[in-house]
Structure formats: C-alpha cells, structure tokens
Amino acid sequence: MKPLAITAAVAVASAFTVSAQAQQVQTQGQQTQTQGQQSQTQGQQAQTQPRSPSQGQNQARRSQPRSQAPGQMPMYPRTYVGADAMFWDLDYEHGDDGDSVGLRLNGGAQFNDYFGAEAHLGTGGSDGEAELDYLVGAYAKGILPLSQEFRLYGLAGFTEVDFDTGSENGFSYGAGAEFDVAPNLAIGADYMRYLDKSDYNFDAASVGIRYRF
C-alpha cells in the first residue's frame, strides 16, 4: 500500500503543480492584455489631447498664404492729374474789378505722406475790362493727413498770369483740402492768391476732381 500511496501523492502534487503553472500563465496573459489596453488608451488620449495655442498659431502661420497686409501704405511717388472749375477774381485797389469762371488743369506728384509738388494751367473767362488768357504756375505742396481719406494741404510757388492787357508774374500761395471717394479718385477744393501786387490782387477759388495713378 505504501508504494501506491506514494504514487498517488506524487500524482496529486504533480496535478497541483501543473494547475499552479497554468494559473500563473493565465495571470501573465491577463496582465499583458491589460498593459496592451492601457497603451492603446494612452495613444487615444495623445491623439485627442488639444494643441497648445502656440502650436495652433504656428500651424496657422504655416497654412496662411503670403500676401500683402491690408491697409499697407501706398508706394511713392504717386502722380495725379485733375480738372477744376476756377472762379477767379481780379481786385484793383483803384478802378474796376473783374471776376469770372474759367477752367484749370492741375497735375503733380506726391513724394511721401507730407510733401509733394503741383503745377497749374488755367484759362478762360472775362468780365468787363479783364479777360484771362492763361495762367501757369509751379508750387511746392505741404500735406497734413487728417485720416486715410481726408487731408489738408498748402501750396507756395510762382505763377505767370496773362490778361488781354498784359502779363504779370509773382509769388503765389494758397490752401485746400482733398477727400478720397475711391481708391484712385478724389474731390478737392482750394483757394489761391496767384498775384499779390501793390495795386491789385488776383485770386481764384477752384473745385474739381483728381485722379491718382
């Protein structure tokens, strides 16, 4: 009976050993599976994690096309031409005065936001003793921009004025304003003292349009 008991005991012990090994293998498999699920969960969290603002901004900068910024300052110099109705007045200190309406053409160049040059060519109109054949002049232009569309300016230079009775030239000055109604189109008005002599003055108020190239 002893050998049979010993054999049975060995068989039982072997069965317990195999069972324990199987349970250990199964436990290790479950742990491996759990670790795999944790790794998968961490990967999903990494994919769904929001990007930092700096990363989003960098990506947005890379994705934005390179273009000229809106409201960028225009390239200088800018040239322009214009046409005005000119209401001129010849004021004598002693004698009959004259006033009428003529046509004035102007053109010039703006070198920066504050400085430019302008030329005037006018003709037409008569009243009694005074008849304007032409005026021609060149002026420095100082500009005061009050907004992107509206600006004031002053003019100073020299003008030659020819009447039917003779011609005269001298220092001229004036001031005006311009307002942009379109990117290349503006309306403007100015008042000029073209001649300032001892016995008479020749002034003109003008209003018209300007076109910028």
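Numbers for residues simply follow the sequence, beginning at 1.
In this structure, the side chains of Thr159 and His120 stay at 4.5 Å or more apart for every pair of heavy atoms. Glu160 places a side-chain heavy atom less than 4.5 Å from the side chain of Tyr134. Here the side chains of Tyr80 and Glu118 are in contact, with some heavy-atom distance below 4.5 Å. Counting heavy atoms from C-beta on, the side chains of Val81 and Leu105 never come closer than 4.5 Å. With a 4.5 Å cut-off on side-chain heavy atoms, Asn184 and Tyr211 count as touching.
Put simply, the side chain of Trp88 gets close to the backbone of Gly124: a donor and an acceptor are under 3.5 Å apart. With Lys141 contributing its side chain and Tyr114 its backbone, the two residues share no donor-acceptor pair below 3.5 Å. Of the possible donor and acceptor atoms, one in the side chain of Ser100 sits under 3.5 Å from a partner among the backbone N and O of Ser126. Between the side chain of Asp99 and the backbone N or O of Asp89 there is no donor-acceptor pair closer than 3.5 Å. Not one N or O on the side chain of Ser167 forms a donor-acceptor pair closer than 3.5 Å with the backbone of Val161.
Below 30°, between 30° and 60°, or above 60°: for Tyr194 and Tyr139 the angle between ring planes is between 30° and 60°, a tilted geometry.
Linking Ile, Leu, Val, Met, Phe, Trp and Tyr residues whenever their side-chain heavy atoms come within less than 4.5 Å leaves Val136 and Phe158 in two separate clusters. At a threshold of 4.5 Å between side-chain heavy atoms, the hydrophobic network of Ile, Leu, Val, Met, Phe, Trp and Tyr places Tyr153 and Met86 in one connected group.
Judged as a salt bridge (Lys or Arg N to Asp or Glu O under 4.0 Å), and not counting sequence neighbours, the contacts of Asp203 are Arg193.
Taking the ring centroids of Phe111 and Tyr76, they lie at or beyond the 6.0 Å cut-off.
Across every non-hydrogen atom of Phe171 and Tyr173, the tightest pair is CE2-CD2, 3.6 Å.
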